[in-house]
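Below: the structure, in structure tokens.
No hydrogens, no waters, no symmetry mates; every other heavy atom, side chains included, goes into these values. Remember, it's 1-based here, ligands and their atoms both numbered in the order they're listed.
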Amino acid sequence: MIPEYLDPKFIPKHIACVMDGNGRWAEKRGLKRTDGHTAGEKSLFDVVEGAIEIGVEWFTVFAFSTENWKRPAKEVQFLLDFNEQIIIQRQEELNERNVRICFLGRRDSKVPKRILKRMKDAEDLTESNTGLTFTVAFNYGGRAEIVDAVQKVIDSGVKRVTEKTIERNLYNPAMPDPDLVIRTSGESRVSNFLLWELAYSELVFSNTLWPDFSRKDLFKAIKEFQDRDRRFGGLGES
Ligand code: IPE
Ligand code: IPE
Ligand code: MG
């Protein structure tokens, strides 16, 4: 059900989320950083349920960045295994909820073949679903995406480049730009997320650490979004 403080006519079509603060959440409790990642799974699926509940069409999360390889090898390995386990354990239930699963990012040799295969299998399993499109940005970097798009354009031999040319060569050309981007944990930065796509997104920064984030916080962020005046460089509504 849509909370009564939200206007059902202005639910953002695409919400993207930087799930941040797992490590700090764990450290505050005297736990290992990786326990914070584990605790974040509950938030992720509560928020996905919330997005389904209110009819969001596209929901994208930042799970692993092209810069996260810089972390200690043990944490990187944990994150790889953890994301693989989530795909395996959740794909059936997401499929039953009519969710289409997509992955966004560089599918290069840094990502173990086994995980690339799991990603492809989850996409194939859910490809004809018509409900929420749930995109997991994995080995994703906004600059890498633009570089890869430009390389594809060069390889195609195109001589004149427009914004459309770049858009058509992004990882998922069918994905609309996010209307709302949420980042948790009190950091007010973009950290290389969706650089091309968030040109006119509304940004909401929440102080809540990701493992404490829930669909209620998602709805509060949408409320903030609905109170804004999007102008796209023009003069807007007011
Ligand atoms: C977000 O939490 C998860 C990933 C980046 C994979 P962090 O691990 O960045 O947690 P903090 O920011 O160090 O608290
Ligand atoms: C962004 O968070 C990446 C993900 C949430 C996957 P980081 O924790 O990696 O970003 P920085 O290092 O604080 O900028
Ligand atoms: Mg972080």
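For ligand 2, the atoms closer than 4.0 angstrom to any heavy atom of Phe64 are 6 (C). The Ser191 neighbourhood of ligand 2 comprises atoms 10 (O), 11 (P), 14 (O), with distances under 4.0 Å to a heavy atom of that residue. Listed by atom number, the atoms of ligand 2 under 4.0 Å from Val18 heavy atoms are 1 (C), 5 (C). Near Arg189, meaning under 4.0 Å from one of its heavy atoms, ligand 2 places the atoms 11 (P), 13 (O), 14 (O).
For Arg71, every heavy-atom contact with ligand 2 shorter than 4.0 Å involves the side chain, none the backbone. At a heavy-atom cutoff of 4.0 Å, ligand 1 is contacted by no atom of Leu209, backbone or side chain. Proximity of Ala137 to ligand 2, defined as any heavy-atom pair under 4.0 Å, is not found for any part of the residue. Neither the backbone nor the side chain of Phe193 comes within 4.0 Å of ligand 2, counting heavy atoms alone.
Under the 4.0 Å distance rule, the nearest protein heavy atom to atom 12 (O) of ligand 2 falls outside the cut-off.
With Trp210 as the aromatic partner, Arg24 does not meet the cation-pi criteria of under 6.0 angstrom to the ring centre and within 45 degrees of the ring axis.
The heavy atom nearest to atom 2 (O) of ligand 2, out of those in Glu67, Met19, Arg183, is found in Arg183.
For Gly21, the closest heavy-atom approach to ligand 1 falls below 4.0 Å. Contact between Ala63 and ligand 1 is present, with at least one heavy atom of the residue lying under 4.0 Å from the ligand. Using 4.0 Å as the threshold, Glu27 has no heavy atom nearer than that to any atom of ligand 1. For the ligand labelled ligand 1, residue Glu187 lies outside the 4.0 Å heavy-atom shell.
Expressed to the nearest 0.5 Å, how far OG1 of Thr208 lies from CG of Asp20 amounts to 12.0 Å. Taking OG1 of Thr135 as the reference point, atom CG of Asn172 lies at 6.5 Å (rounded to 0.5 Å).
Within the 4.5 Å cutoff, no side-chain heavy atoms of Lys32 are placed close to those of Phe78.
Each protein N/O/S atom under 2.8 Å from the Mg ion (ligand 3) was counted, for a total of 1.
Ring centers of Phe103 and Phe138: at least 6.0 Å apart, outside the cut-off.
Relative ring orientation between Phe82 and His37 is described as tilted, the plane-to-plane angle lying within the 30° to 60° band. Note on ring orientation: taking the six-membered ring where Trp is involved, the planes of Tyr171 and Tyr140 are perpendicular (angle over 60°, cut-offs 30° and 60°).
What sits closest to atom 9 (O) of ligand 2 on the protein, heavy atoms only, is Asn68 ND2, 2.9 Å. For atom 10 (O) of ligand 1, the nearest non-hydrogen atom of the protein is Gly23 N, 2.9 Å.
Scanning all heavy atoms of the two residues, the minimum distance from Leu116 to Asp108 falls at CD1-O, 4.0 Å.
The shortest N or O to N or O distance between Arg33 and ligand 1 is below 3.5 Å.
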